Amino acid sequence: MRKTLHRYAVIYHLFLKNSLIYMMEYRVNFMFGVLVEIGFLAIKLSYVYVVFRIGTDLNGLSPHNILLFIGTFTIMAGLYSALFFFNFNRFPELIRSGDLDIYVTKPVSLQFFTTLRMIDISFAVPNVIGGIVMVVIGWQNSGISASIGHIAGFVLFIGIGVVLTYCIFLLPQLLAFWTVRTNGINDISNGLYDFNQMPMQIYHPYIQKAGTFLLPVFLTTNYSPMVALDRLGPVEWIWGIVSPILFLIIVRLLWKLALRNYTSASS
Amino acid sequence: MNVASKYVRTFILGLQNALTYRANFMLSLASCVFPILIQFFLWRSVFNSTDQEIVYGYTFSQMIAYVILSALAGKLVATGFEYEISNDIKTGQLSKFSVQPISYFLFRGCVFIGEKVVQLIILFLVFVAVIVALHVYLDFSIQIGQVLLFIGFIPLSLLLNFMIYYCLAALGFWFIEVWGIYHTFSLVAMVVGGGVFPLDVFGDSIQRVVLLLPFQYTIFHPISIVTGKIDLQAGLSGVWVVLGWIAVLFLLSKWAWRKGMKRFESVGG
């Protein structure tokens with residue numbers, strides 16, 4: 001087990017290295033990646049601007065509390081774009097063109113190889129930097145102590161958020177084994193993810209429950225600031241730890257099921 | 001083939017294109033639901049927390065009307081041909097138009113209008129349904145004159161956005177890769193055009209700059225007409241400003257394209 005983990009860590013390191021080489025070779029694409037994400041950051045900042053101009057608490061959250069939530073969402077959006085977006089985006093095309101055949105023959109996990117190979121840090125740079133700035137400002141002005149417990153809890157749920165983001169966005173891609181094209185479903189999953197643009201507390205309780213327990217979209221970015229604000233109850237703590245494991249198992253099982261439908265068309 | 005019929009053919013080409021990908025448009029229309037829901041809950045929280053009837057000069061029903069109608073209008077005025085133009089320039093495909101008896105500007109314009117006609121019909125029905133639903137459920141007041149002006153204004157918004165992006169597309173003559181500039185431009189244009197929030201929510205200093213730009217006439221101005229935020233007089237004066245902007249952008253595009261064509265090398269064409 002340890003040997004396998006080490007092997008995959010080495011391979012992932014190679015993915016990262018190759019991506020960096022590619023990035024340095026195509027510098028214009030790197031600049032454009034940064035530029036586009038600055039555009040998206042402008043949209044997120046317009047939400048921050050509106051919340052601060054209103055100036056009152058929304059459903060028990062002060063503007064600085066909300067800034068903490070929006071900052072966490074911004075960080076996570078950057079991590080998603082950098083680590084998963086391009087892999088998931090080209091995944092249906094691998095099935096449509098039959099190019100998946102080449103990857104099936106590789107002596108590594110097909111899921112690992114096709115869903116984690118491409119990393120583009122240009123998409124992460126503005127979001128992660130902008131998000132961290134927002135979190136630090138929101139954190140300080142919300143009067144949260146910078147204790148090890150708070151910081152460790154915040155970082156832990158960022159990690160859990162990354163795992164859940166992987167699962168939530170990979171699930172619709174698996175439909176490509178049956179439907180080939182997934183554009184429509186992608187729009188819907190992106191739309192659902194954008195609910196994190198604002199803290200889950202502003203939504204209807206039914207939406208909060210569905211986004212927590214049914215498809216844990218809210219867990220990806222809401223639990224980190226909630227830990228920092230001491231608003232996470234024991235049930236939420238347990239679900240926060242269990243859900244990424246559960247969803248990783250579900251995604252793995254569905255992956256195996258979906259792969260049986262692969263017909264290797266066009267190859 | 002006479003002058004009119006070849007452009008009618010290109011218009012039909014755009015129409016057929018839109019009909020072929022109608023499901024795609026319907027899905028993208030459906031994806032509007034999510035940002036609308038996010039903003040609905042945001043503004044509901046805001047109105048509940050402030051205990052005020054009017055926030056930023058909007059009643060709750062006006063704000064929700066703005067959120068829904070601006071999301072739909074944003075889909076309607078959206079372009080995409082700028083990527084095709086930059087590809088034509090990059091691959092040298094543009095040279096085939098320079099030897100054919102057809103104006104590239106009119107060709108792009110007719111295809112764009114042809115594509116938008118189908119969306120315009122679908123969205124007109126959706127607009128009517130939304131306005132009636134808002135009237136019934138949120139007591140949103142409907143002024144017939146303003147609805148008619150709004151309907152008349154939308155084609156102008158479309159034309160204005162076409163001119164903005166046709167000018168922008170000329171950048172393809174100077175840069176081989178332009179997708180990042182186009183994408184970022186469209187995101188920023190959406191914010192300053194009022195596609196995310198009504199421009200009234202921004203402070204005076206931001207508004208002073210943003211209202212000088214043409215983007216407000218693509219979304220903010222027409223929606224403000226139908227929500228009753230501006231009166232008929234102000235709405236009508238916007239028509240002249242838009243026509244002025246279209247004329248300015250037309251001249252700018254002529255100048256930029258003439259300069260650009262001198263640089264055009266027809267690589268691979």
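Proteins come first, then strands; the chains are lettered A, B, ... in the order of their sequence lines, and each starts at number 1. Model, not experiment: these values are computed from the prediction. Side chains are part of it too, since the values below use all heavy atoms of this structure and drop only hydrogens, waters and symmetry mates.
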Heavy-atom pair count under 4.5 Å with chain B, highest-scoring of A/L35, A/V34, A/N29: A/L35
Backbone N/O of B/S49 and side chain of A/T56: donor-acceptor pair under 3.5 Å: no
Which residues share a side-chain hydrogen bond (donor to acceptor under 3.5 Å, both in side chains) with B/R44, sequence neighbours left out: none
Residue pair A/V36, B/W179: steps toward the side-chain contact (heavy atoms from CB on, under 4.5 Å) verdict: CA-CA 9 Å; A/V36 169; B/W179 64 267; 3.8 Å; yes
Heavy atoms of other groups near B/F175 CZ, more than 12 under 6.0 Å: no
Aromatic ring proximity, centroids under 6.0 angstrom, B/F197 and A/Y47: yes
Heavy-atom proximity to chain A below 4.5 Å, by part of B/V191: side chain
Flag if over 12 foreign heavy atoms under 6.0 Å of CG, B/L213: yes
Heavy atoms from other residues, nucleotides or ligands near CG of B/D139 exceed 12 (cutoff 6.0 Å): no
A/F52 atom CZ, neighbour heavy-atom count above 12 within 6.0 Å: yes
B/L37 and A/F195, any side-chain heavy atoms less than 4.5 Å apart: yes
B/F41 and A/M198: CA distance, side-chain angles, deciding distance, side-chain contact (heavy atoms from CB on, under 4.5 Å) verdict: CA-CA 9 Å; B/F41 285 108; A/M198 292 304 292; over 6 Å; no
Portion of A/D57 that has a non-hydrogen atom of chain B nearer than 4.5 angstrom: backbone
Top of A/I207, A/V50, A/L192, A/N59 for chain B proximity - count of heavy-atom pairs under 4.5 angstrom: A/V50
B/Q39 side, atom CD; A/Q197 side, atom CD - distance, nearest 0.5 Å: 9.0 Å
Region of B/F202 in contact with chain A, defined by heavy-atom distances below 4.5 Å: both
Interchain contact, A/Y203 with chain B, by part (heavy-atom threshold 4.5 Å): both
Side chains of A/I54 and B/W43 in contact at under 4.5 Å (non-hydrogen atoms): yes
Which atoms of B/V178 approach chain A - backbone, side chain, both or neither, heavy atom under 4.5 Å: backbone
Contact leader toward chain A among B/V196, B/V188, B/I206, B/I181, where contacts are heavy-atom pairs under 4.5 Å: B/I181
For A/R53 against B/D200, the heavy-atom pair lying closest together: NH1-O, 4.0 Å
Shortest non-hydrogen contact from B/S45 toward A/I202: OG-CB, 3.5 Å
